[in-house]
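Convention: sequence-line order gives letters A, B, ...; per-chain numbering from 1. Quick caveat, the model's predicted, so the values are computed rather than measured.
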Protein chains: 2
Amino acid sequence: MATMAVENYLKHVLLLSEGGDGLVSMGALAGALEVVPGTVTTMIKALADEGLVEHQPRHGVRLTHDGRRLALSVLRKHRLVETFLVNVLKMDWSKVHEEAEQLEHAISDEVLDRLDALLGHPATDPHGDPIPTRQGKISSQVYGTLATCVVERDVRVVRILEQSPEFLQFAEHHRLQPGAMLHVVDRNLTAGMVTLKPGTGRAIAMSLTAAGKILVQPER
Amino acid sequence: MATMAVENYLKHVLLLSEGGDGLVSMGALAGALEVVPGTVTTMIKALADEGLVEHQPRHGVRLTHDGRRLALSVLRKHRLVETFLVNVLKMDWSKVHEEAEQLEHAISDEVLDRLDALLGHPATDPHGDPIPTRQGKISSQVYGTLATCVVERDVRVVRILEQSPEFLQFAEHHRLQPGAMLHVVDRNLTAGMVTLKPGTGRAIAMSLTAAGKILVQPER
DNA sequence: ACTTTTATTTTGACTCTTCAAAGTAGCGTG
DNA sequence: CACGCTACTTTGAAGAGTCAAAATAAAAGT
């Protein structure tokens with residue numbers, strides 16, 4: 001069985017390799033895992049010996065087939081646990097990440113399957129992050145963001161990329177949660193601002209940076 | 001924060017000190033924790049330095065106030081998680097111990113409180129073991145066993161002490177679960193057998209040893 | 001091309017938890 | 001009271017995961 005540390009390393013390699021399609025840098029990993037770079041080198045060498053990652057010294061690391069399988073299983077646990085905490089225990093979605101960080105290493109496949117059934121086999125977690133299937137498939141659909149979509153158009157929020165408690169609280173306050181409908185009123189590149197009109201309630205203004213963290217789907 | 005190992009040592013000191021009212025022997029701890037005796041000595045010395053246990057060399061160990069507080073909190077997590085797994089996820093009660101063993105170290109107080117509320121603040125877990133309150137109170141009511149109670153009398157099962165998967169499966173098969181009503185038909189000391197008649201279904205015979213693991217309450 | 005900066009790796013050390021095996025204290029029996 | 005059994009403790013070593021700081025390789029600037 002993989003230790004907690006191993007599971008965390010693999011999970012973060014997976015998360016960091018989304019987007020930047022090739023190798024994950026050691027520094028990025030060190031940052032994400034909150035350890036010093038030397039520790040990452042040590043650990044990655046061990047994981048490479050176990051056949052879980054492929055390490056190209058001085059360049060970076062990528063998951064092997066086995067490593068990816070394990071990483072997806074950890075991610076599945078994380079996201080299903082988050083969904084449970086929000087949907088069943090009604091916890092604040094800005095706090096569940098921390099909790100899931102611990103629980104993802106303690107939960108068995110059997111419990112996970114039952115949780116999955118209890119929740120109705122959700123496709124995404126409360127932040128809109130896709131939940132890998134038991135077979136290790138994960139949706140990789142590409143969406144636009146509030147910083148890039150066409151203006152004067154109705155869109156539906158599908159995912160919040162930035163998941164710091166502060167940002168999530170901000171988003172919740174304005175009901176910017178997956179499923180929410182919005183009209184994109186204006187985007188001003190000079191001022192770096194986007195203006196939105198929710199279906200109900202008053203207009204929302206936010207920076208392009210923030211807007212770039214919110215994935216949306218054109219509606220109709 | 002206490003590590004998993006620390007939590008486990010404290011929990012087992014607590015469990016082993018139920019009944020044998022004074023000191024817990026190092027050997028008993030080694031057995032319960034499945035480590036060699038030398039390891040226990042090492043760890044207990046460390047816990048004594050932290051003020052969590054009181055160690056009387058060559059005689060045994062007992063919890064301090066702080067140690068007991070922590071141990072009760074772990075036990076509360078364990079038993080509430082078991083209750084959740086059985087009552088909500090409908091898992092087999094013979095398997096939940098293993099699962100809870102892991103989860104008890106990963107669950108936060110906040111999640112625990114919500115779980116407790118979801119379950120309706122249960123007083124006991126599915127095996128009838130009392131669940132410590134958030135304030136660290138634990139019911140220590142004394143019950144008779146099927147091996148000691150008066151014959152020709154109706155009793156109600158309140159707790160199963162032996163919790164190996166095999167014994168629990170045996171108990172479940174005969175519906176010997178907390179809440180079940182029984183008539184104690186006969187006890188034969190020579191043969192070492194007890195005969196029971198459930199409210200519904202055919203008579204059950206079991207050894208005195210097995211009967212001694214089932215706590216009951218006289219009914220009416 | 002040479003130098004500076006930055007990212008990565010190496011080295012040595014430390015903590016935590018464990019084991020195996022050797023040593024020692026306590027206890028009961030004769 | 002000495003003997004021997006059992007329980008406990010000590011000692012030395014190991015693996016996992018980490019850090020700090022020195023060494024090195026790659027990338028970027030001038």
For atom CD of A:Gln135, is the number of surrounding heavy atoms from other residues, nucleotides or ligands below 6.0 Å larger than 12?
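Counting neighbours around CD of A:Gln135, more than 12 heavy atoms of other residues, nucleotides or ligands fall under 6.0 Å, so yes.
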More than 12 foreign heavy atoms under 6.0 Å from CD of B:Gln217: is that the case here?
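Correct, the count exceeds 12.
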Selected nucleotide, minimal atom distance to [X] side chain, candidates [options]:
X	options	value
B:Thr3	C:dC19, C:dT8, C:dT17	C:dT17
B:Thr41	C:dC19, D:dT10, D:dG17	D:dT10
A:Val6	D:dT18, D:dG17, C:dC19	D:dG17
A:Thr39	D:dC8, D:dC19, C:dT9	D:dC19
B:Ser25	D:dT9, D:dG17, D:dC8	D:dC8
B:Lys45	D:dA27, C:dG26, D:dT10	D:dT10
A:Arg58	D:dA25, C:dT10, D:dT10	D:dA25

Are B:Arg134 and B:Asp109 ion-paired here, with the side-chain N under 4.0 Å from a carboxylate O?
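No.
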Rounded to whole Å, please give me the gap between [atom1] in [X] and [atom2] in [N].
X	N	atom1	atom2	result
B:Glu50	C:dT17	CD	C1'	14 Å
A:Leu29	C:dT9	CG	P	11 Å
B:Leu16	D:dA7	CG	P	15 Å
A:Met4	C:dC16	CE	P	17 Å
A:Leu47	D:dG15	CG	P	17 Å
A:Ile44	C:dT9	CD1	C1'	13 Å
A:Met43	D:dA16	CE	P	9 Å
B:Leu33	C:dC16	CG	P	18 Å

Is there a side-chain contact between B:Tyr9 and the phosphate of C:dC16, meaning an N or O under 4.0 Å from OP1 or OP2?
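No, B:Tyr9 has no side-chain N/O under 4.0 Å of OP1/OP2 on C:dC16.
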Ignoring backbone atoms, test whether B:His55 places a side-chain nitrogen or oxygen under 4.0 Å from the OP1 or OP2 oxygen of D:dT9.
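Checking B:His55 against D:dT9: at least one side-chain N or O falls below 4.0 Å of OP1 or OP2.
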Side-chain donor-acceptor pair under 3.5 Å between A:Thr64 and A:Asp66, yes or no?
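No, no side-chain donor-acceptor pair sits under 3.5 Å.
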Indicate, with a heavy-atom threshold strictly under 4.0 Å, whether B:Thr42 touches base, sugar-phosphate, or nothing.
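If one applies the 4.0 Å heavy-atom cut-off, B:Thr42 turns out to touch a base.
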Just to be sure I understand the rule, does A:Gly38 reach a base, reach only the sugar-phosphate, or reach nothing, if contact means heavy atoms closer than 4.0 Å?
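A:Gly38: base contact, heavy atoms under 4.0 Å.
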For B:Val13, the option from B:Leu23, B:Asn8, B:Leu29 that meets side chain to side chain contact (heavy atoms under 4.5 Å, CB included)
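Filter result, single survivor: B:Leu29.
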